[in-house]
Structures are given as C-alpha cells and as structure tokens.
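Comments concern the structure below.
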Amino acid sequence: MTEQTGQWQPTACILCECNCGIVVQVEGRALARIRGDKLHPASRGYTCNKALRLDHYQNNRNRLTSPMRRKPDGSYEEIDWDTAISEIAAGFRGIADTHGGDKILYYGGGGQGNHLGGAYSGAFLKALGSHYRSNALAQEKTGEYWIDAHFYGGHTRGEFEHAEVSVFVGKNPWMSQSFPRARVVLNEIAKDPARSMIVIDPVLTDTAKMADYHLRVRPGTDAWCLAALAGVLVQEKLCDETFLADHVTGVQAVRTVLAEVPVADYAQRCGVDEELLRAAARRIGAAGSVAVFEDLGVQQSPNSTLCSYLNKMLWILTGNFAKRGAQHLHSSFAPLFRPGGVGRTPVTGAPIIGGLMPSSVIPEEIHTDHPDRFRAMIVESSNPAHSLADSAAVRRAFADLELLVVIDVAMTETARLAHYVLPAATQFEKAEATFFNLEFPHNTFHLRHRLMEPLPGTLPEPEIWARLMRELDVVDGAELAPLRRAAAQGLPEFTEAFLAAVGANPGLGKVLPFVLHETLGPTLPEGLSGAAALWGLAQKTAMTYPDAVRRAGHADGNALFSAILDGRSGVTFTVHDYEDDFTLITHPDRKIALDIPEMLAEVAALSAAPAARTTADFPIVLSAGERRAYTANDIMRDPAWRKRDSDGALRVSVEDAAALGLSDGGRARITTAAGSAEATVEISASMLPGHASLPNGYGVDFADGAGGAAVPGVAPNALTSSAWRDAYAGTPWHKHVPARIEKVLADDGLRAVG
Ligand SMILES: Nc1nc2c(c(=O)[nH]1)N[C@H]1C(S)=C(S)[C@@H](COP(=O)(O)OP(=O)(O)OC[C@H]3O[C@@H](n4cnc5c(=O)[nH]c(N)nc54)[C@H](O)[C@@H]3O)O[C@H]1N2
Ligand SMILES: Nc1nc2c(c(=O)[nH]1)N[C@H]1C(S)=C(S)[C@@H](COP(=O)(O)OP(=O)(O)OC[C@H]3O[C@@H](n4cnc5c(=O)[nH]c(N)nc54)[C@H](O)[C@@H]3O)O[C@H]1N2
Ligand code: SF4
Ligand SMILES: [Mo]
C-alpha cells in the first residue's frame, strides 16, 4: 500500500549534500513524477538534472530484502530479523568482552542525505565501549576542519548568493553543486558586471568557463598559487587593517612569512600568468564582499591542509567576515565533527581529527598482528570497499575481520565481504534528514516523511539500532516506563520527566537516542518514530543559539521540535544577524587566531618543495573521481540512470592524445602504482597536457537480471594508494595520482572479449 498515491508529496533529493526539496507523485512503489519543491526554504524549487532520475535508486534491482548471513563457502543465506539481531549483538558483545569494545570500528553513518540512522548508532557503540569511527569526511574535510578548529572553532561557508567576488578553489559547483541553487547563483554572478568569479582549477570546467579570472594551475601546485595570492594581498597592502586589528590575532607572524613570498617565481611554478594572478588578488582586495569555497581539487591533492590554511587567508586578511556576501560561521543542528584535540589511531598513530580517523589508514589498522588492531567493524550507509583508497588493500583487510556487519539498501562491494548484511528501508520509505545544515544567516533543517512503507523485509535504521540495543539489554525497562507515560501526555511533561530521569541516572544520557526512540518515538505520528532523536538535538540547538532560534520563530526546543515534525518542506531553525559571526567564534576572545606555526613553516618551506610528483614511469597526473553530470557517489547502482557518458570516459588532453596515439572513443589502459584499468578515451580541450581525469561513482556492479553483472566504467580506487596522503590530516590525494596511459589496440580488445 502506498500512502497518498497521486498527490505531490514533499521530500528531498538524496544525491548530493544540498538535499534540494522535491515533490513526488508516487505510483505503486515508483517515484513516477518529480519536480522541485518551491516551499523548501533553501532550494526554493531548484533541482539539477539528477533529481529527476531518483526512481533508479528507489527501484533498484540490487536491493536487499532480507538479512543475510555468509556461509562458510562464501555464499549468503537469508535469515530472519530476530536471528540476525541476536547473532550480531552476541558477536559484538563477544568481541568487546574478549578484546575490548575499542576493537570495534564504526564506518559511515549516512551518505549525502540520510543521517538519522547514524544518530542512533552511537548508543549501541557506547554500550559496547567502541569509540573509534571514520567516514567519508575523513577523506576530504578533516584537514580543513583542523585549520577551522585553530582559526575559530567552527565551519565556515561563503554566502555566494550575495558575494561580490566568489572564489572556487578546486571546486566545480556547476557539476558538484554543494551550495543552494548553485546553477542559478552561478548564472547570476556571470551575468552581473559588478560581480566576479575566480576559479582555481587546472581543468577548463563548466564553472571555469563562466569565470572572470581562471587561474589554471598545474595540478597539485595550488599551495604556490594561494601563497602568491596571499603574498600579493600583504605586499601590495590590500589587507583590511581595521578588521585585522579588531578581530584577528597572530597577524604579524603571518605577515612576516607572506611578505617574503616570491610572487613571480610562485606564479611560474603553478603555471599561472603573474599579471592574471595579481589582478585576481587585487579584485579580492578591492571587493565589498568575498566568499570562498575549497573542495576536492585541493582537499584531495598534495599540500591539502596547507591549501586550506592559505585559501582562508584570502577572506580573513581582507576582512570578509560577518557581513553580507562574505564568509560565515553558521549554526549546526547536529555537528558533523566532534570537537576536541587530535587523538591518534591505535596501530599507525595517525591523527584523529574531529573524532574521525583517516579513512586511508583503515586497512593498516586492521591487516596487522598488532595487538590493538581492529577486530570487528560496522559499516552503515557507505561502501568503503569501493570508496576508500586502494580497494584491493581494503578487501584484504576486511577479510581479516572477525565480524563485519553492513547496513545498506543494496548488495554493495562492501556488503559482499560482510558476515552479515542488514537491509535498510530506502530514504523514501522512512523518516530521514540531512545534517548538512551549513547556511548563514538562515539555516534550515528538513525532516522528510516517508512516501511509502518500507519494502517488506527491510527496516529503517533507527529500528535496527533499537533492536540491537534491546538485545544488549543495558537499559532497564523500568526506568523508561515513566518517560513513556510522560511522552503520551505531551512534550512539556516529557521534558520534565526526562530531566528527572537523567538527573537520577546520568547513564541514560549516554544512550540518549535509544532512550528517546523507546519513549518519545511511539507517541510520534505514524512513520515518524525515527525522528525521536531530533527532540534532543532540537533542545541542544535552542540552548546553543537561543536568540537565533527565537528569531526563526521557535520559542524553545519543544517548539522547534514541533515545527520540524509539522514542516513537511523543511523549516528555518536559526536566523542570525551578521555580527553574530563573532559570537560563533569559540575562542574566549572571539577573535580569529591566524598563527599556526606548523603551517607557517610549510609556507616558508614552499620555495624548496617539489612541485611535481610524476616520474618517468608515471608521467601523467590522473584525477581519480571527478564529479560529472551523471555521477552521484555510489548511491546509484543501476547504469541506466545515466543519459550519457555511460562508461565514464577517461578525459585526456589533445596534446597527450596525439603523443600517445589515442583516438576519441578508443580504448586506453591506465596504470598507476596501485593497479591498472581500461577505459574509453574522450579527447578534451578542457584538459591541460599531462593531466587526465576519470569520474567517480563508476565501476560498481549491477545484476543484469540474467545472472550476470554489468560493471560499467573504472572503479577509481582500483588505481589509488592509501599511503598517498596528507601529512597532517591523512586525507588521500585522489586528484593527483601519477599514472601511465597507453593505447589499447583494437585486436587486444578483441582478444580480451574472446
Ligand atoms: N554530480 C555530482 N555532484 C556531487 C557528487 C557526485 O558524486 N556527483 N558528490 C558530492 C560530494 S560527496 C562532494 S565531496 C562534492 C565534491 O565536489 P568537487 O570538489 O567540486 O568535485 P570534483 O569534481 O571531485 O573536484 C573538483 C575540481 O577539482 C579539480 N582539480 C583536480 N586537480 C586539481 C588541482 O590540483 N588543483 C585544483 N585547484 N583543482 C584540481 C577538478 O578539475 C575538478 O573540477 O561533490 C558533491 N556533488
Ligand atoms: N578515488 C576517489 N575516491 C573517493 C572520492 C573521489 O573523488 N575519488 N570521493 C570521496 C568522497 S568526497 C566521498 S563523500 C566518498 C563517498 O563514498 P561513501 O562514503 O562510500 O558513500 P556513498 O558512495 O554515498 O555510498 C552510500 C551507500 O549508502 C547506501 N545507501 C543509500 N541509501 C541508504 C539508506 O537509506 N540506508 C543505508 N543504510 N544505506 C543507504 C548506498 O547503497 C551506498 O552503498 O567517496 C570518496 N572516495
Ligand atoms: S543532486 Fe544535489 S543539487 Fe541536484 S537536485 Fe539533488 S540535491 Fe539538488
Ligand atoms: Mo564527499
């Protein structure tokens, strides 16, 4: 039975972190018609081309419909939920008892739009004593987070909608989006002669084509480019001295280092015309407002943490903070990172930043005889056997685990390595939400109601985690009974009972999401019990930003929670004034702290550092995992969702194609230190000589219905290495893999087929 067939029901697209609001007409179990939701407070009716293809996710032939257990011969058998839950809980309990709960690693917790499940996992993990975790953020954003934590203790976003100058560093928002209504905003910037766009990217991307200043750096040389830009700001006296004096500490140390930057030399090293580079810096220096977005082009390239440090100089030195169109700290409904210092992983001693260990060290933390190695793992809503560097090493390591449990909607590359696979309801079959709430001055939160009941055999993650917790039997049911009674009376009564219960037993607070699920959950409207954990987050949000929450129209945490339950298209949960940016700085003096000695030493060392990492054997830089019109991480498995680029072409420059004898549409073999693969060639004028690119999201298998499996395109991590990573954050250099490309002769191809 579907609910409300024929009506337009609000939900969101789940294919990137924007989570644009959409409305959907459901037919049977199909997402029959989809369009943008004009009532969504952030996206306001906007979608890109991808949202219309979401039925390929919802009705995917590879969906799981029963818990599965691996048999000794490696094949899987279906088992019932009760058996799965009791065996899995006993398995983890056994590992915790024998080796300690800290030998259980949790990976994932949500993809681009499904973060509710992850909110519940914490109770189960805490009950077992497990605290190590990682997810995709630890292969992109942890370096930036480390800098942010030093600078101001929060995450910043640019207000591109209003910025006079927008700067995109290794970021292609026309394809990858990442901020609300990206293509509309980019078009507005391009049309307006008073506004400018600066793009730092070796590729002539769709975004770069719209730019006023395209700094076409050689791959991997952004540190020199950014140091030169910041150097010009200091040397040509383009800094906002009043802002620096009032709101920033540690300026002198930075100024001293940047004053020494040899701009002409660094411009040459990064391959950018010196006059163009100076003009871009002057445009930033003269602008009324500047917003900056750094993304994978630098975050997954050499010097990535240093690039995060340097690119933030562009808006801090020029005082582009706490004003319209500039860079902002924003509120969080549920923080993506855990604050705290840098811890270390048990085996390799890699940095744990914001509570996350680098994804790239996971194989080394498992595949070893070190006594503190991880023995068991839970993977939720992620496909690390495909998305982590060096898939072969990941597979080898996972084979060592005594217990691997995967929670997913589909039989993924990772699920195929698991001892147990648990089938989740899709994001249109349960209450869901994104915690990518990153906007300022208006920040929004969207609780999506389900569009239909879960496919038989599947369960929403909150229910899966609750069953696992009940099996562990660590919470006394008698303690929950008064909370349940109070919840039935109303939110004020529940609040009071909750404070009393946690006061009497602080241990309940440790497993809070579970407590909320079991007490408040049953009183919530049909299908929304999974939203119970949001009650705690709403209280915390209202306490952290009382004025901003009130300005958004919510008197207190309960009012905010009720608004979230009722607001089918999402709600604005905080409204800030621009000056609030300063109060969101967590340092006691509310000032930005610029001096990070390690980073300044790195800036000074750039003059002697190598700007090229290719070798005679591997002379070409491969960017492994570019975002294109039809890529969406590993969320879409059915290749039919793509309208073009069906096997994910290897883009090479005109010059390289000529030198290597490649033809457009022909085949090429690409080889790296880690592996080798064959791809279809696209000769592209957008690529620099010596640079090639493969898209992300390809090379996942899909059952073709006839007993075989199609695997279109190249799995990018067949070609990447886990040791190829940043010294500070351990983030991988996926965009900068030295490679060799060779033409595949037609008869070689025939031989391979025959
Ligand atoms: N269509 C689509 N959109 C997506 C996703 C998707 O899978 N598909 N995934 C989402 C996710 S998870 C993320 S994290 C974001 C990522 O979004 P982006 O970071 O924008 O995506 P990428 O295409 O991986 O890389 C960005 C740019 O880096 C450039 N680049 C490569 N090497 C260098 C270099 O050395 N220096 C510089 N400056 N640039 C370089 C590439 O040419 C590319 O244009 O996209 C999100 N949006
Ligand atoms: N070489 C290379 N590697 C990369 C990148 C790159 O650019 N190059 N990019 C990196 C980046 S930035 C990212 S973000 C990661 C992304 O890689 P991952 O973290 O692995 O995440 P996704 O690809 O989004 O995988 C989401 C998984 O969740 C499942 N899923 C979908 N809906 C649900 C649900 O409701 N419940 C559950 N339980 N599961 C669900 C999907 O079937 C899929 O298996 O890849 C990283 N890996
Ligand atoms: S893919 Fe991203 S930008 Fe496109 S519709 Fe979906 S959420 Fe919006
Ligand atoms: Mo990502």
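Just so it is clear, the model here is predicted, and its values are computed rather than measured. First listed ligand is number 1; within each ligand, the first listed atom is number 1.
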Legend entry - Minimum non-hydrogen distance to atom 9 (N) of ligand 1, winning option of R216, R627, K50, R628: R627
Legend entry - Approximate separation, where rounding is to 0.5 Å, of M313 CE and L233 CG: 10.5 Å
Legend entry - T205 contact mode with ligand 1 (heavy-atom cut-off under 4.0 Å): side chain
Inset, instruction - Verify the distance criterion only: is there a donor paired with an acceptor across the side chains of R627 and S178 at less than 3.5 Å? - result: no
Inset, instruction - Starting from atom 26 (C) of ligand 1, locate the nearest protein heavy atom and write down its residue, its atom name and how far away it is, to 0.1 Å. - result: G170 O, 3.3 Å
Legend entry - Region of T207 that comes within reach of ligand 1 [heavy atoms, distance under 4.0 Å]: neither
Inset, instruction - Name the option, out of S176, C18, P219, that contains the heavy atom nearest to atom 17 (O) of ligand 1. - result: S176
Inset, instruction - Would you check if there is a donor-acceptor pair between the side chains of S721 and D390 at a distance under 3.5 Å? - result: no
Inset, instruction - Taking atom 6 (Fe) of ligand 3 as the centre, count the protein N/O/S atoms lying under 2.8 Å from it. - result: 1
Legend entry - Residue and atom name of the nearest protein heavy atom (relative to atom 34 (C) of ligand 1), distance in Å to one decimal: G297 O, 3.3 Å
Legend entry - N or O pair under 3.5 Å between K735 and ligand 1: yes
Legend entry - R33 side, atom CZ; R35 side, atom CZ - distance, nearest 0.5 Å: 10.0 Å
Legend entry - Qualifying ring pair (Phe, Tyr, Trp, His ring centres under 6.0 Å) pairs with a residue from residues 624-649, counting only residues at least two apart or across chains: Y630-W641
Inset, instruction - Could you verify whether a donor N or O on one side chain and an acceptor N or O on the other, from E140 and Y145, lie under 3.5 Å apart? - result: no
Inset, instruction - Could you tell me whether R216 and D201 make a salt bridge, using a distance below 4.0 angstrom between a side-chain N and a carboxylate O? - result: no
Legend entry - E274 atom CD, over 12 foreign heavy atoms within 6.0 Å: yes
Inset, instruction - Would you please say whether a donor-acceptor pair under 3.5 Å links the side chains of D408 and N383? - result: no
